[in-house]
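Take a look at the structure set out below.
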Amino acid sequence: MDYETVIGLEVHVQLLTKSKMFCFCSADYVNAPPNSHVCPGCLGMPGVLPVINKKAVEYTVMTALALQCTIPEYSRFDRKNYFYPDTLKGYQISQHCAPIGREGWLTIDSNGTKKRISIADVHLEEDVAKLWHRADYSLIDANRSGVPLMEVVSEPEINSPEEARDYLIKLRAILRYLGVSTGNMEEGSFRCDANISIRPWGSKELLSRIEVKNMNSFKAVYQAMEYEARRQRGVLEEGGKLVQETRGWVQERGITLSQRSKEYADDYRYFPEPDLLPLVFNREWIEEIRAKLPELPEARRERFVTQYGLPLYDANILTSSRAMADYFENCLKLMHPSKAKLASNWLLGDFSRLLNATNTEIENTKITPEHLAEMLNLVDKETISGPTAKTVFEEMFYSGKRASTVVAEKKLSQISDAAEIREAVKKVIANNAKAVADYKAGKQQALTFITGQVMRATSGRANPSLAREILIEELGGK
Ligand SMILES: [Zn+2]
C-alpha cells in the first residue's frame with residue numbers, strides 16, 4: 001500500500017522583549033550566570049501575581065497579522081497543569097481556548113510550486129527553566145523561566161520533509177523581518193516540534209499521530225521527518241501497529257526513540273488563569289500595528305524582480321534575510337539602477353563566500369554599502385578590471401578600507417594610457433620571438449599567449465581591449 005506523509009509543525013519562538021512575560025526580570029539571559037535573572041515570580045514562589053508584558057502581546061499580534069490571522073475581540077490565558085522540574089510553579093501559563101491569532105496561512109515555494117499552509121493559531125505562553133543533566137543529578141537554571149514564548153501552530157498540511165524545511169525557513173524569515181525574534185535555532189530561540197503521521201493515499205483519516213522533539217537545526221528537522229516517515233511505513237508493512245507517542249530525535253544516531261506515550265489536552269486540566277484578566281483588543285491598536293508591518297520577504301522578492309529586473313533566483317536569496325535585502329538596496333542607492341545585477345552578482349558571489357568563510361553576518365561586516373557601491377562604480381567605469389576588483393574587495397573585506405584607498409596604495413588602477421601599454425607590448429614582442437613567428441605564420445592561439453604576456457607584464461592592469469588593439473597594430477595589423 002502507498003502512504004502519504006502528513007506533518008503539522010509547532011514552532012516555539014522566544015520574543016525579543018526586554019523583560020520576561022509575567023515579571024520584570026531581564027529576558028536577555030544568554031551568557032548570563034545561572035539563576036541571575038530571577039525573582040519570586042519566575043521562580044514560582046506561591047502568592048506572587050503575574051503582570052502581562054504588553055510588548056510580547058504586541059509582537060504576537062504583529063506576527064499573527066503577518067501570517068494573515070484573524071485577531072479576535074478578546075483573548076485569554078489558561079493554566080496548563082503538569083509537574084516537571086523545569087516548570088517551577090507546577091503549571092505553565094499558556095493559551096488554550098482563546099489564542100491571540102487564528103486561522104491564517106503562510107505560502108511556501110517548494111520546487112517552484114507555491115503552496116499555502118494553513119496556520120491554526122498563534123498564541124503566547126512562558127518559557128520554562130533549563131535543566132542540566134549530570135551523571136547522577138540534575139541542575140536547574142531559571143534564567144529562561146518566564147521568557148515570552150510565542151507558539152505558531154500549523155495545520156497538518158505539510159506533506160514532505162522538504163516542505164517542512166521550506167515552511168520553517170519561510171517562517172523564520174518573516175519573524176526576522178518583523179524583528180520579533182532572533183530566530184536562532186542553536187541558541188534555542190526558535191524551536192520546532194513536529195507531529196507526523198502517515199495515511200493511505202486518498203484517505204482523509206490520520207493514523208496515529210506521533211510527536212517528534214529535540215530537533216535543533218533545519219537539517220535535523222528534515223532528517224527526522226524523513227526517518228520517521230520511513231519508520232512508520234516499516235512498522236505498518238510488517239503488520240505492526242502505531243501508537244500515539246512522543247519520540248526524541250537522536251542526532252548522532254540519525255534515529256528517533258520513544259520517550260513517552262503522548263499526552264492528550266485533557267491530561268493538562270486546562271482552566272482559565274485566575275490571576276489574569278482577559279485581553280480585550282482595541283481595534284484601533286490592531287490597525288496601528290498592521291500599518292507598521294514592514295514589507296515582508298515575499299512582497300520584497302516580487303518587487304526586486306519587477307523594480308530591478310533581477311532574476312527570481314537572485315531576488316530569492318537577496319530577500320531571504322532583511323539585513324541582506326537592506327544592504328543591497330542601500331548599495332544600489334549610490335549606483336545607477338541599471339547596475340542592479342552587478343551588485344547582486346557581487347553580493348551573492350565573492351561577498352557571500354567571504355561572509356561564510358569568516359562566519360560573519362552581513363550586518364557586522366566592515367564593508368559598508370557605500371564602500372561596496374564605490375568599488376562597483378570603479379569596476380563599471382573600468383578604473384579597475386574585474387580580476388583586480390576581486391583583490392581590492394578582499395582587502396576591503398578584511399581591513400575595512402575604501403576601494404579608492406586600496407587601489408591607490410597598491411597601484412591597482414587600470415592602465416588606459418596607450419603609450420604605457422605600447423611600451424609593454426614592444427618588450428613582450430622582443431622577448432617572445434617564437435610566439436610572434438607562430439602568429440605571423442597564422443596561428444591564432446599564439447595571439448592569446450602574447451596578450452597574456454602583456455597582461456602579465458603590467459600585473460594585470462592593462463586595459464585588455466586596448467592592449468589587444470595595440471598588440472595587433474605592433475604585430476603588423478590583421
Ligand atoms: Zn522574574
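Counting starts at 1 for both ligands and their atoms, following the listed order.
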Given side chain to side chain donor-acceptor pair (under 3.5 Å), test Q95 with E151 step by step and report yes or no. CA-CA 10 Å; Q95 295 192 303; E151 187 172 347; over 6 Å; no

Considering only NZ, NE, NH1 and NH2 on the basic side and carboxylate oxygens on the acidic side, decide whether E211 and R209 come within less than 4.0 Å.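 Here E211 does not pair with R209 in a salt bridge, since their nearest N and O are not under 4.0 Å apart.
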
Can you list everything that forms a salt bridge (Lys or Arg N to Asp or Glu O under 4.0 Å) with K55? Sequence neighbours excluded, please.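 Testing K55 for salt bridge (Lys or Arg N to Asp or Glu O under 4.0 Å), a comparison that skips the adjacent residues, returns E58.
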
Please determine if R165 forms a cation-pi arrangement with F218, meaning its NZ or CZ atom is less than 6.0 Å from the six-membered ring centre and no more than 45° off the ring axis. no

Count, excluding waters, the protein N, O or S atoms that are closer to the Zn ion (ligand 1) than 2.8 Å. 4

When rounded to the nearest 0.5 angstrom, what distance separates NE2 in H96 from NZ in K80? 9.5 Å

K130 vs D141, salt bridge (Lys or Arg N to Asp or Glu O under 4.0 Å): CA-CA, chis, key distance, verdict: CA-CA 5 Å; K130 205 168 163 54; D141 176 7; over 6 Å; no

